[in-house]
Amino acid sequence: MKSPTNRVLYYFFYLLFSVDTWRILIGFVLAAVFAPKLAADRGYTLGAEVVVWLMLIGIGYAAGNYPARLISKGLQGLFTPKR
């Protein structure tokens, strides 16, 4: 039976090596950088600003596929043993 520490490390490295984790992170960073600039001083309601944030998160997720794959492969190369 595996110890809880190994299970925690398994989940940590699974998320670290997952392409989707990096795509989501790229989407959030893109939204955090551009959403305040796009929604500033335009008189948007709160709902409209939320839509701008969600739109940019979606665009960042879609556009971040190639960089996320490079990041994931690079990290796998660092942490997995060479054969």
### Query
Given the rule that I, L, V, M, F, W and Y join up when any side-chain heavy atoms are under 4.5 Å apart, are Ile59 and Leu54 in one cluster?
no
### Message
Under the side-chain hydrogen bond (donor to acceptor under 3.5 Å, both in side chains) definition, can you give me all pairs with a residue in residues 37-54, not counting sequence neighbours?
### Response
none
#### Entry: Phe12: side chain to side chain contact (heavy atoms under 4.5 Å, CB included) partners, not counting sequence neighbours
Leu16
### Query
Honestly curious: do Trp22 and Phe79 fall in one hydrophobic cluster under the side-chain, below-4.5 Å linking rule?
yes
### Query
Considering only heavy atoms from C-beta outward, does the side chain of Phe13 approach that of Leu75 to under 4.5 Å?
no
### Query
Going hydrophobic residue to hydrophobic residue with side-chain gaps under 4.5 angstrom, can you get from Ile26 over to Val33?
no
## Note on the structure
Looking only at heavy atoms, the pair that brings Pro36 and Ala31 closest together is CD-O, 3.7 Å
### Message
Taking transitive links into account, so neighbours of neighbours count too, which hydrophobic residues share a cluster with Tyr61 at under 4.5 Å side-chain distance?
### Response
Ile24, Phe28, Ile57
Which atom pairs, donor and acceptor, lie under 3.5 Å between side-chain atoms of residues 65-73 and protein residues at least two apart or in another chain?
{"from": "Asn65", "atom 1": "OD1", "to": "Arg69", "atom 2": "NE", "distance (Å)": "3.1"}
{"from": "Ser72", "atom 1": "OG", "to": "Phe17", "atom 2": "O", "distance (Å)": "2.4"}

### Message
A side-chain contact here means heavy atoms from C-beta on lying under 4.5 Å apart; do Leu25 and Thr21 qualify?
### Response
no
